[in-house]
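I have placed the structure first, in the form of structure tokens, so that the comments after it can refer back to it.
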Amino acid sequence: MAALSIPLSPNSFCLRSFTPKSQVFPIPKLHSSITITCSARDGSESKRSIFHFKEIKNVACGILAVWALTATSPVIAANQRLPPLSTEPNRCEKAFVGNTIGQANGVYDKPIDLRFCDYTNDKSNLKGKSLAAALMSNAKFDGADMTEVVMSKAYAAGASFKGVDFSNAVLDRVNFEKADLKGAVFRNTVLSGSTFNQAQLEDAVFEDTIIGYIDLQKLCTNTSISADGRAELGCR
């Protein structure tokens with residue numbers, strides 16, 4: 001539920017219309033303070049609005065309805081509240097197929113839950129797969145061949161990618177927070193918008209990495225990157 005209360009001053013105020021020729025519509029002075037409360041609930045639950053003045057009901061609730069919608073679902077993404085672990089018996093094998101329609105925007109036909117799966121030293125099943133928006137936290141990919149993989153908007157926090165070959169891969173907006181990427185190879189790899197907060201990047205190879213200037217500045221703050229890696233990235 002999202003709720004917002006707006007106290008209004010007893011002084012008069014006006015609303016300006018958004019037209020080429022602005023017009024001012026005065027609202028009579030209010031002799032007492034008012035409180036407007038709008039409540040919105042998801043699902044089939046009722047939506048209610050309480051107003052003491054009909055003149056401002058439509059404007060106020062129109063604004064608050066938009067606010068209510070944007071204040072609920074984005075919180076899930078911002079706080080990384082992940083869905084429950086999938087109970088499908090073969091969920092780890094979905095990585096070998098990947099998303100059939102997943103592309104750069106993280107669109108997928110079915111969610112891929114690879115959390116806690118083990119792909120250690122897999123040299124054939126992951127290469128070139130589309131794992132857009134995949135949930136990969138706490139999974140193990142050590143020594144795997146992930147060349148040309150597409151991992152747009154994937155969540156890989158806490159996963160292990162030691163020695164993984166990401167050459168020619170698209171790692172766009174991937175969350176690698178606290179991931180172990182020691183010795184990973186990012187040769188000619190797209191790293192746009194990806195985050196590496198507290199990730200382990202010792203001996204990682206960044207040869208010809210494709211990365212934006214702002215993203216590069218953030219990546220260069222990671223002190224675990226070796227001197228050779230910093231030189232390849234152009235860190236100052």
Side-chain angles (χ1 to χ4, degrees), residues 70 72-181 184-197 199 201 204-206 208-212 214-216 218-219:
T70 57
T72 52
S73 57
V75 173
I76 297 176
N79 293 338
Q80 298 297 347
R81 294 180 185 174
L82 303 178
L85 190 69
S86 174
T87 57
E88 292 187 38
N90 299 321
R91 66 181 180 84
C92 292
E93 296 178 6
K94 287 188 175 182
F96 304 150
V97 178
N99 289 320
T100 59
I101 63 172
Q103 296 297 332
N105 287 326
V107 179
Y108 55 86
D109 48 355
K110 290 183 180 180
I112 295 183
D113 192 347
L114 309 180
R115 289 173 289 180
F116 300 99
C117 294
D118 191 345
Y119 304 98
T120 301
N121 294 323
D122 191 307
K123 301 296 184 182
S124 59
N125 292 308
L126 300 174
K127 182 177 180 179
K129 294 299 186 297
S130 177
L131 303 176
L135 300 176
M136 311 169 77
S137 55
N138 300 109
K140 293 186 65 176
F141 297 86
D142 298 346
D145 184 351
M146 299 185 74
T147 56
E148 301 180 4
V149 73
V150 177
M151 283 172 53
S152 298
K153 292 187 176 180
Y155 183 75
S160 184
F161 297 93
K162 290 184 290 187
V164 170
D165 189 354
F166 285 114
S167 296
N168 303 311
V170 177
L171 308 181
D172 174 52
R173 293 162 288 178
V174 179
N175 188 335
F176 284 113
E177 183 176 1
K178 298 181 179 180
D180 191 341
L181 294 152
V185 178
F186 299 100
R187 185 176 290 111
N188 196 40
T189 304
V190 176
L191 291 177
S192 55
S194 294
T195 55
F196 296 86
N197 298 335
L201 290 163
V205 177
F206 293 96
D208 297 324
T209 298
I210 303 170
I211 186 172
I214 300 300
D215 296 326
L216 175 60
K218 294 178 181 178
L219 179 57

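Residue numbers start at 1 and run along the sequence shown. Computed from a prediction, not measured in an experiment: that's the story for all the values here.
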Determine whether [X] and [Y] make a side-chain contact, defined as any pair of heavy atoms from C-beta on separated by less than 4.5 Å.
X: Leu201; Y: Phe176; value: no
X: Leu171; Y: Phe186; value: yes
X: Tyr119; Y: Met146; value: no
X: Asn99; Y: Ile112; value: yes

Looking only at atom types and distance, does a side-chain atom of [X] sit under 3.5 Å from a main-chain N or O of [Y], one as donor and one as acceptor?
X: Lys129; Y: Met151; value: no
X: Asp215; Y: Gly193; value: yes
X: Asn90; Y: Cys92; value: no
X: Asp142; Y: Lys162; value: yes
X: Ser194; Y: Val174; value: yes
X: Thr189; Y: Phe166; value: yes
X: Arg91; Y: Asp113; value: yes

Would you tell me whether [X] and [Y] have side-chain atoms, one donor and one acceptor, within less than 3.5 Å of each other?
X: Thr147; Y: Asp165; value: no
X: Thr195; Y: Asn197; value: no
X: Asn188; Y: Asn168; value: yes

For [X] and [Y], work out which heavy atoms get closest and say how close.
X: Ser192; Y: Asp172; value: OG-OD1, 2.7 Å
X: Ala179; Y: Ala156; value: CB-O, 3.8 Å
X: Ala199; Y: Leu181; value: CB-CD1, 4.3 Å
X: Leu131; Y: Gly98; value: CD2-CA, 4.1 Å
X: Ala159; Y: Met136; value: CB-O, 3.3 Å

Can you measure from [atom1] ([X]) to [atom2] ([Y]) and round to the nearest 0.5 angstrom?
X: Leu191; Y: Ile210; atom1: CG; atom2: CD1; answer: 9.0 Å
X: Asp145; Y: Lys127; atom1: CG; atom2: NZ; answer: 5.5 Å
X: Lys218; Y: Ile211; atom1: NZ; atom2: CD1; answer: 10.0 Å
X: Lys140; Y: Asp122; atom1: NZ; atom2: CG; answer: 13.5 Å
X: Leu126; Y: Phe96; atom1: CG; atom2: CZ; answer: 6.0 Å

Partner of Phe141 under side chain to side chain contact (heavy atoms under 4.5 Å, CB included), picked from Asp118, Thr120, Val164, Asn121, is Val164

